[in-house]
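For reference, the structure discussed in these notes is given below.
The residues of the chain are indexed from 1 along the displayed sequence.
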Amino acid sequence: MARSKRRGGDAAPRPTTITAPITGGVAELVPDPERPAAWTLLIDGAPQSHVDLDDPTHLSFAYQRRLGHVIDLAAPPGRPLQVAHLGGGAFTLARYVAETRPRSTQQIMEWDAALVPLIRTHLPLAPHARVRVRSTDAREGLGRLADGWADLVIADVFSGARTPAHLTSTEFLAEVRRVLRPGGQYAANIADGPPLAHLRAQVATVAEVFPERALAADPAVLRGRRFGNAILLASAVPLPVAELTRRVASDPHPGRVEQGRALLDFTGGALPVRDASARPSPAPPPSVFQ
């Protein structure tokens with residue numbers, strides 16, 4: 001593990017940043033100065049994940065907290081889930097599921113084969129976590145899952161700081177729906193900024209495949225005032241929008257949830273994305289990570 005143990009009455013030495021080359025660039029594991037067992041994963045300087053090994057229920061990033069709400073509301077408290085994670089990062093959300101829903105069965109598809117052993121070595125999963133990690137492309141890994149396997153599919157995939165094009169289309173979402181059980185949910189972390197063309201198109205794309213949708217984000221992001229993350233949630237059955245709205249509004253960084261007619265209006269006439277026309281999500285401006 002990356003932590004140092006105390007010896008006698010001496011305070012443990014402060015952990016130092018761990019840097020390693022990976023397939024997608026350079027990964028850094030940066031210790032959190034306020035939480036002794038917590039680390040932030042950066043790839044090429046862009047924050048990707050935050051993990052507290054002592055408290056896996058602590059979700060530091062606003063978008064992770066919103067995905068945590070989705071996990072909490074996906075089934076009655078404590079009920080085990082079958083979850084497919086498209087994109088692994090530091091396995092933050094898989095750890096959260098394992099802690100809050102013991103005996104859950106999870107699969108992580110992480111395309112960067114060099115990142116996986118780095119995380120396993122320095123930020124190991126808890127022994128009780130029933131998590132299988134595959135070093136594979138997210139869409140290819142999804143294609144290997146059986147029909148109706150998952151209660152929840154979470155997409156949080158970034159190559160550098162951009163979502164790959166082949167994970168933004170109706171064809172991709174049709175594969176997601178195939179893997180979901182009846183009543184299962186799909187949740188995606190989408191990054192965009194003014195004029196929100198990518199986010200609007202993703203909402204329109206999801207609407208082609210799922211009849212029920214909701215979108216949670218910082219109000220400034222939804223108004224197109226700054227670059228940021230939005231959580232797009234979809235299902236074949238009604239979503240717990242009222243409780244999700246309450247929880248998102250109560251976060252340390254309060255957000256807003258859009259649904260129904262307001263969400264349809266938000267698309268502004270954007271067209272669904274097909275494989276043939278798909279493009280990666282926009283690169284964030286350099287100021288986002290300063």
Side-chain angles (χ1 to χ4, degrees), residues 63 66-67 70 74 84-87 109 111 137-143 145 147-150 152-218 221-224 227-241 244 255-284:
Y63 88 85
R66 289 166 189 154
L67 286 170
V70 171
H85 300 266
L86 310 183
M109 290 75 165
W111 73 273
D137 173 78
R139 189 160 166 179
E140 290 180 7
L142 190 69
L145 295 179
D147 293 3
W149 180 86
L152 182 61
V153 174
I154 298 175
D156 187 13
V157 187
F158 290 88
S159 177
R162 306 178 72 183
T163 299
H166 69 297
L167 304 180
T168 67
S169 66
T170 54
E171 292 90 339
F172 162 69
L173 288 172
E175 189 69 358
V176 170
R177 183 155 184 182
R178 177 192 67 80
V179 169
L180 285 172
R181 292 176 175 175
Q185 296 179 16
Y186 169 67
N189 177 28
I190 300 171
D192 199 10
L196 299 180
H198 175 70
L199 181 57
R200 297 181 200 278
Q202 286 304 287
V203 174
T205 304
V206 165
E208 283 275 294
V209 181
F210 292 97
E212 302 291 333
R213 290 91 55 191
L215 184 67
D218 185 300
V221 173
L222 292 175
R223 295 188 188 108
F227 195 97
N229 298 83
I231 301 303
L232 182 55
L233 183 61
S235 180
V237 300
L239 295 163
V241 175
L244 179 65
R256 195 173 82 219
V257 175
E258 297 286 9
Q259 64 156 337
R261 182 69 194 185
L263 187 56
L264 179 63
D265 292 343
F266 174 82
T267 65
L271 298 175
V273 176
R274 314 294 183 194
D275 273 344
S277 60
R279 298 289 183 270
S281 64

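Listed by chain and residue number, nothing satisfies the salt bridge (Lys or Arg N to Asp or Glu O under 4.0 Å) test with D137 (two or more places apart in sequence, or in another chain). For R181, the salt bridge (Lys or Arg N to Asp or Glu O under 4.0 Å) partners two or more places apart in sequence, or in a different chain, are D151.
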### Message
Assess the residue pair F210 and L239 against the criterion (side chain to side chain contact (heavy atoms under 4.5 Å, CB included)); give the C-alpha distance rounded to whole Å, side-chain angles, the decisive distance to 0.1 Å, and a yes or no.
### Response
CA-CA 11 Å; F210 292 97; L239 295 163; over 6 Å; no

### Task
Before giving the answer on side chain to side chain contact (heavy atoms under 4.5 Å, CB included), spell out for L215 and L222 the whole-Å C-alpha distance, their side-chain angles and the decisive distance to 0.1 Å.
CA-CA 9 Å; L215 184 67; L222 292 175; 3.7 Å; yes

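Within the model, atoms CG of L233 and CD1 of I154 stand 10.0 Å from one another, a figure rounded to the nearest 0.5 Å. A distance of 6.0 Å separates CG in L142 from CZ in F172, rounded to the nearest 0.5 Å. Atom CZ of R66 sits about 10.0 Å away from atom CG of L244, to the nearest 0.5 Å. Going from atom CD1 of I190 over to atom OH of Y63 covers 13.0 Å, rounded to the nearest 0.5 Å.
Applying the salt bridge (Lys or Arg N to Asp or Glu O under 4.0 Å) test to every pair with at least one member in residues 256-272, sequence neighbours left out, gives these pairs: R256-E258, R261-D265. Annotation: side-chain hydrogen bond (donor to acceptor under 3.5 Å, both in side chains) contacts involving residues 183-206, sequence neighbours excluded, comprise D156-N189, N189-N229. Screening residues 162-177 for salt bridge (Lys or Arg N to Asp or Glu O under 4.0 Å) gives E175-R178 as the qualifying pairs, with residues at least two apart or on separate chains.
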Output side-chain donor-acceptor pairs under 3.5 Å for residues 271-280, partner residues at least two apart or in another chain, one line each.
from : atom 1 : to   : atom 2 : distance (Å)
R274 : NH1    : T170 : OG1    : 3.1
R274 : NH1    : E208 : OE1    : 3.4
R274 : NH2    : E208 : OE1    : 3.2
D275 : OD1    : R139 : NH1    : 3.0
D275 : OD1    : S169 : OG     : 2.6
D275 : OD2    : R139 : NH2    : 2.9
S277 : OG     : R274 : O      : 3.4
R279 : NH1    : S277 : O      : 3.3

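Contact record, G183 with V237: CA-CG2, 3.7 Å, taken as the closest heavy-atom pair. What you find for F227 and P194 is that their closest heavy atoms are N-CD, 4.1 Å. In terms of heavy atoms, M109 sits closest to A138 at CB-CA, 4.0 Å. Minimum heavy-atom separation, G87 to V157: N-CG2, 3.7 Å. S281 and A191 make their closest contact through CB-O, 4.0 Å (heavy atoms, listed as atom of the first residue, atom of the second, distance).
At distances below 3.5 Å, at least one donor-acceptor pair connects side-chain atoms of S235 with backbone N or O atoms of G184.
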